[in-house]
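Here the structure is a predicted model, which means the values were calculated and not measured. Proteins come first, then strands; the chains are lettered A, B, ... in the order of their sequence lines, and each starts at number 1. Hydrogens, waters and symmetry mates play no part in the numbers below; they use all other heavy atoms, side chains included.
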There are 2 protein chains.
Amino acid sequence: MKITVLDNILKANDAIAEEIRAELASHQVLAINLMSSPGAGKTTLLERTVEKVKPQGIRVGIIEGDIETTRDADRLKKFDVPIVQINTGSACHLDANMTKKAVANLDCSQIDILFIENVGNLVCPAEFKIGEDHKVMLLSVTEGDEKPLKYPLMFRESSAMIVNKVDLLQYTNFKMEEAEGNARKINPRLTIFPLSCTTGEGLDAWIDWLKKELEGKRGT
Amino acid sequence: MKITVLDNILKANDAIAEEIRAELASHQVLAINLMSSPGAGKTTLLERTVEKVKPQGIRVGIIEGDIETTRDADRLKKFDVPIVQINTGSACHLDANMTKKAVANLDCSQIDILFIENVGNLVCPAEFKIGEDHKVMLLSVTEGDEKPLKYPLMFRESSAMIVNKVDLLQYTNFKMEEAEGNARKINPRLTIFPLSCTTGEGLDAWIDWLKKELEGKRGT
């Protein structure tokens, strides 16, 4: 019975996610579902990304998913972009129902890229569609290069993987080729961006990818 | 309905967990449920811990919980201690049913401390009792000092928190007092061990705590 219930929940979730995706697409909004372990750097990546794309005229919107607190949203307020906070209470991931309510509180006609920062969790968020065009995951070098093999679903579901904190590479035993090889064993189509949100190294390739995806969304 | 199902699942789980705990107690086995985000250092802590306690005559047993692979168990084979691997398939945490099967494959009369390494996840494992005397969590300094406020349940449920990777403190903006303060706001009774599994700094306090808990278990 447990499996049936879960299956029905996922089907209902996917139907709502598809509604959200269609609504966002009608406004040519590119939606990115940002996922990772706690502390891999999702919010810092958003800070660095908004700093780069806002001066280029790209309008960002953000949905912040957290179990509790508004700390991440508070960090992003300085950018004066629309932010909606979701507090899940105890849920370990966002689902489409939560995102639907958040999207209803945004003026999508004023947004080019919508980032949805998921709850920090390398497992459960990967199971739930929330209306995104792409799932993008972060793996930080301090977590270890074998993680794709141990937590395969998120690596399989993601379009792109950001390998963050490369400024700390020299203090860890993380091997970039090993991480990339392990990730591509799980998902050969994965686009990989090694970068550091602290030094800025590698950020441009990520920004270029976002801009190309946004152009694709607009059909230009 | 979803909530009712979940509530029944948790109650059934807790009943099985209590059976396991009683079985382990009959052999005076101290059981530690080790939890953290992926990559915080659970397996490395086990390596350093076994290296310290085995020469002191303390007999260790290990249950390794992973979604996929036996990589962590493989790392621990060199110590020649009994290890049982649980692969959860897709489940993001261990539950009492899984642990019960694993414990049945161990000779508890030959074990003093049973470490159960949970799936790497800062959220879901905290909800499930699996027969442990203590939940012990790791937070690594690269994850950030605000994590207790954002993921409170695990900090609330744990008896002890290991703050790992203190050798990397100087390369991060992690403040130890801030982390300890945030954790104690959630759980004033939390015992905190800042340490580095790389340099060995701080390990002795953790080992002393384990030995004290083991003595308590034996009623000596």
Quick check on Pro38(A) against chain B: is it the side chain, the backbone, both or neither that has a heavy atom closer than 4.5 Å?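 For Pro38(A), backbone and side chain are both near chain B.
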Taking side chain as C-beta onward, heavy atoms only, is Arg71(A) less than 4.5 Å from Leu149(B)?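 A side-chain contact under 4.5 Å exists here.
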Can you pull the salt bridge (Lys or Arg N to Asp or Glu O under 4.0 Å) pairs that have at least one residue in [range], sequence neighbours excluded?
{"range": "residues 144-172 of chain A", "result": "Lys150(A)-Asp66(B), Lys150(A)-Asp72(B)"}
{"range": "residues 194-206 of chain A", "result": "Lys52(A)-Asp204(A)"}
{"range": "residues 177-196 of chain B", "result": "none"}

Considering only heavy atoms, give the residues of residues 168-176 of chain B separated from chain A by less than 4.5 Å, sorted numerically, with 'none' for an empty result.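 Result: Leu168(B), Tyr171(B).
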So which residue, Ala91(A), Gly120(A), Cys124(A), ends up with the most heavy-atom pairs under 4.5 Å with chain B?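 Option with the top pair count is Gly120(A).
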Looking at chain B, which one of Leu139(A), Leu122(A), Thr142(A) has the largest number of heavy-atom pairs inside 4.5 Å, strictly under?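 The candidate making the most pairs under 4.5 Å is Thr142(A).
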Can you measure from CD (Glu143(A)) to OG (Ser140(B)) and round to the nearest 0.5 angstrom?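 Rounded to the nearest 0.5 Å, the CD-OG separation comes out at 8.0 Å.
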Once rounded to the nearest 0.5 Å, what's the spacing between atom CD1 of Ile67(A) and atom CE of Met154(B)?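 Going from CD1 on Ile67(A) over to CE on Met154(B), the span is 9.5 Å.
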Side chain, backbone, both or neither: which part of Thr198(B) has an atom under 4.5 Å from a heavy atom of chain A?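 It is neither, since no heavy atom gets under 4.5 Å.
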Among the options Ala40(B), Cys92(B), Gly41(B), pick out the one with the most heavy-atom pairs lying under 4.5 Å from chain A.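 Going by pairs under 4.5 Å, I would pick Cys92(B).
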